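Predicted model, so just to flag it, every value in this text is computed and none were measured.
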Amino acid sequence: MPIRELERTFDPALVEGRIYKAWKDSGQFHARPTPARKPFTIMIPPPNVTGILHMGHVLDNTIQDVVIRFRRMQGWEALWQPGTDHAGIATQNVVEKKLRDEGTSRKELGREEFVARVWKWREEYGGVIIRQLQRLGASCDWERERFTMDEGLSSAVEEAFLHLYAKGLIYRGHYIVNWCPRCQTAISDEEVEHVDVEGRLHFVTYPFEIGGTEGITVATTRPETILGDVAVAVNPADERYQALIGKSVHVPFIDRPIPIIADDYVEMEFGAGALKVTPAHDINDFELGKRHHLEPIVVIDETGTMNAAAGPFAGQDRFVARKGVVHRLKEMGLLARVENHAMSLGHCHRCNTVIEPLLSRQWFVKMGPLAEPAIRALKSGRLQFAPEHWNKVYLNWMTNIRDWCISRQLWWGHRIPVWYCDQDATPHAGRGAPTACTICGGAAFTQDPDVLDTWFSSWLWPFSTLGWPERTKDLDYFYPTQYLTTGPDIIFFWVARMVMAGIEFMDREPFPVVYLHGIVRDEQGRKMSKSLGNSPDPLDLIDRYGADALRYTMILLTPSGQDVLFSEKKCEVGRNFANKIWNASRLALSHMEGFDPAATDWKTLPLQDVDRWILSRLDETVESVTGSLDTFRYNEAARDLYEFAWGDFCDWYLEFAKQLFYAEPGPERTAAQAVTHEVLATLLHLLHPFQPFITEELWSVLPGGSSDGASLLIRRPWPVSIPERRDDAASAGVAHLKEIITSIRNLRIEMNVSPGKNVDVVLKARPNESGILSRLSGYVRSLAKVGDLVIGPEVARPEVAAAAVVGETEVFLSLTGAIDLTAESARLNREIDKIEKLAQSVEKKLANEDFRAKAPAEVVEAEGERLKLLRDTRARLADNLAIISGGAK
RNA sequence: GGGCGAUUAGCUCAGUUGGUAGAGCACUCGCUUCACAUGCGAGGGGUCACAGGUUCGAGUCCUGUAUCGCCCACCA
């Protein structure tokens, strides 16, 4: 193809849309049960339906797309299952905000109408993130897109609930839960984010007599909960309080008499050694209260406001009340002192409101029985994390697991499939209301108003998306999946729970391997967030740098499991690399006229040393990239490709090949075309998972490539290693050649030879190297701009010359005109010093008897060889120095 | 309180069985040479956090220390 048909600079905007359409139209993303092939299944971590693409998604989905394309090319029936998560709280919040802007509210609309509005919102905006993923190049099987509120997935949720209910693993009860006063719902322990804060520890005296100031002093960080106190507790072994145990004191403000009780739980050393007991608003106090049969008193309601039981503070916000309580205590002389106190405070994962521990009636899943087999799965090796230190994190959580609060006081979500008899409140679990109450025979029922935690649907994702509870063909074929990758932030929310669900409902772990990548941070190492404004918009980056560049940069930047410090400028690496590939292809294509890869007979092609060398390097690259992808070292694969494509193919091979490209047509020229074509074609295959758009585009214009649906690069086979291609002798020869060329270029600059001027060079080489160097002499001439070139074992040194030693070859740059002898001798002295230092360190090593005796023979031998070479090099350089010095007089 | 990760060139980071320390960016010098200035060529720059230990040999293995970061945890 004539080169003018490809733009001088790669422009992603011109190709991305067209290529993506070609993939989708060809149906190449669609996976179906194929008996002849093995399934390779990846489940997309379903993004929030409210979400917009952020850098974390970019990393996550790029890795997955690299993997799925790699496996697809390897011949697996590769399914990447996409979809979105209904995200109960997040979505409800978004729609509620919209209603507020419209001047109405959820409660005004009523439940049914509100849910209808959420669905409508989802129709309008829910697809944003899906379209964004497509722009990134994600090759999901979009025909299979699922949503956690779909009919099928909802049915799976009911099935799971009823199954666990029947087994006695779901129960309902009054417990202290994490309550978000803003979202006005209970949340699970995992949804609470603990933040270290500097709190205040208030030492409050509870008087023996009403109105008195003599009493027992307790320490508390939450003075407003004083109103709900039912006891003061001390340690039974604490001598200070022995006499007081069993006596009673009065709660300030409301003068309620409460007992002083003894319990081991109280730490004598902490605070005042005495603890106020508020069972309704503290998890520990709740347990303590149960042990001592104390009735909890609720003083804070579900909006975080003090209720009627809070006496004088009723109606105040909890934090306003705290200030008021402290102020009044001081006035009453009951505040002994206040200390600063470092503590950690729970916040709502969704809205960052301070969590209120609240006594309420909720549904729970009993986790112990589910965790046990999930622990065994890891210990037996059927499940592994990568990097493996996450195994410990998983095990630690699993072994200390607590029951899962699954009910949410929301309207958007899967409603709990339990109906209560209107007469006697007996609960009945089932699909739809029962016909008659099993206890009283009543026929009127009301469904539980609460919905289930969003993760109660997400944890079923690996099989619910494939049809469960129906035993579909897809489910049989594609479950279990082969691989999961996600961020460590959802290891408990999602990963661990999927393992438990997979084992419980499918009798099989959902995946054998979980790869956890790092978190994308900004350059200062801060987490990217909306409020900090430090998160670039990935779509904007795609517009400016291209999806290929963004993908490649993210992969290159992400070593296994480490966090990534991202900045926009780093996208330039990926962009420049894409452009390099583009231009190398332009060069190659401009010399392909008349070349037909199908007609290539490799057996008769007159391959040269440089051809054998680049084919060797290509084969090494195929092997290393495949190996790295197999072992989740994506950044290493990307780096190896970068080095091969840029450092070997572009910098050297294409420069070598130009010699023949511009030569007369003939077998040698055809060989150069064939090798260039082969290397480029293979390179495009290897790069395709990382840079799908540009590689697909170039493949479509490469001879033998095609853009028709059948031979899209996305469906081409992954290159395999061809060991016969390796040629160590040619590789060593070319390595030597490159060093010599570099050395001549260096001498030219050191000697101030102008870039445009030819120089004459003499290479004095060992007999065994003269042959290959002579064969390669044309490359020395063109790449180092050499005029006369003499090569041989017995060649004469030019009279006026700058010299260098490369391996066992002496390089002489003939300088006919003026030579700066001072500069040259200074340079030689520097070189000699460098060699001398190296030689001395090797000598010292070899002089060590222990080294000679204990190190492996081949290491000792290699060091010996090295010393010989160093000494030889030094001697030759010294000779030249002597000649220079002689000539200088 | 427990666990984990990090500490290598000015910056961001690679470095998988221990055997002569690497890349990109930045920097210096020189080049618009017929694929590419998103480029080409040649360079400078590192007691691999610190202290011990194992070893003929340690960035790499072991122990400890320091600093930073993350996760888990019911001392109010």
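Here the separation of B/rU32 from B/rC25, taken at their C1' atoms, is 23 Å to the nearest Å. With C1' as the reference atom, B/rG24 and B/rC68 are 24 Å apart, rounded to whole Å. For the C1' atoms, the distance linking B/rA14 with B/rU63 amounts to 27 Å, nearest Å. Nucleotides B/rC36 and B/rC31 are separated by 15 Å at their C1' atoms, to the nearest Å.
Looking at heavy-atom distances under 4.0 Å, A/Pro856 makes contact with a base. Contact annotation for A/Thr9: base contact, defined as any heavy-atom pair under 4.0 Å involving a base atom. As judged by a 4.0 angstrom heavy-atom cut-off over every strand, A/Lys570 is placed among residues touching the sugar-phosphate backbone only. As judged by a 4.0 angstrom heavy-atom cut-off over every strand, A/Asp651 is placed among residues touching the sugar-phosphate backbone only. Heavy atoms of A/Gly574 sit nowhere under 4.0 angstrom from any nucleic acid atom. Residue A/Val266 is classed as a base contact, given a heavy-atom separation below 4.0 Å to a base. Residue-level contact check: A/Leu275 touches the bases, meaning some heavy atom is under 4.0 Å from a base atom. Among the protein residues, A/Glu190 comes within range of no part of the nucleic acid, since none of its heavy atoms lies under 4.0 Å from any strand.
Taking atom CG of residue A/Asp264 and atom C1' of nucleotide B/rA76, one finds them 16 Å apart after rounding to whole Å. One atom, CD1 of A/Ile226, and another, C1' of B/rA76, lie 12 Å apart when rounded to the nearest Å.
Between the side chains of A/Lys658 and A/Ser782, not a single donor N or O lies within less than 3.5 Å of an accepting N or O. Side-chain contact check for A/Glu193 and A/His349: at least one donor-acceptor pair (N or O, by modelled atom type) lies under 3.5 Å. A side-chain donor-acceptor contact under 3.5 Å links A/Ser188 and A/Glu191. There is a side-chain donor-acceptor pair under 3.5 Å between A/Ser624 and A/Asp640. For A/Tyr265 and A/Asn284, the side-chain atoms include at least one donor-acceptor pair closer than 3.5 Å.
Residue A/His341 places at least one side-chain N or O under 4.0 Å from the OP1 or OP2 atom of B/rA76. Between A/Arg8 and B/rA37 there is a side-chain N or O to OP1 or OP2 distance below 4.0 Å. Under 4.0 angstrom from either OP1 or OP2 of B/rG19 there lies no side-chain N or O belonging to A/Lys845. Between A/Lys757 and B/rU33 there is no side-chain polar atom (N or O) within less than 4.0 angstrom of OP1 or OP2. Distances shown here put a side-chain N or O of A/Asn746 below 4.0 Å from the OP1 or OP2 atom of B/rG43. Remark: A/Tyr662 is in phosphate contact with B/rA35, judged by side-chain N or O atoms under 4.0 Å from OP1 or OP2. Residue A/Thr742 places at least one side-chain N or O under 4.0 Å from the OP1 or OP2 atom of B/rA42. Between A/Arg575 and B/rU38 there is no side-chain N or O to OP1 or OP2 distance below 4.0 Å. Residue A/Arg402 places at least one side-chain N or O closer than 4.0 Å to OP1 or OP2 of B/rC74. Applying the 4.0 Å criterion to OP1 and OP2 of B/rC4, one finds that A/Lys392 has a side-chain N or O inside that range.
Stem list for RNA chain B (at least 3 consecutive Watson-Crick or G-U pairs, distances under 3.5 Å): B:1-7 with B:66-72, B:10-13 with B:22-25, B:27-31 with B:39-43, B:49-53 with B:61-65.
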What's touching nucleotides 21-29 of chain B from the protein side, N or O pairs under 3.5 Å?
none

How would nucleotides 66-71 of chain B be written as a contact map, 5' to 3', with B for base contact, S for sugar-phosphate-only contact and - for no contact, using protein heavy atoms under 4.0 Å?
------
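Contact annotation: the side chain of A/Val234 approaches that of A/Ile216 to within less than 4.5 Å [non-hydrogen atoms, C-beta and beyond].
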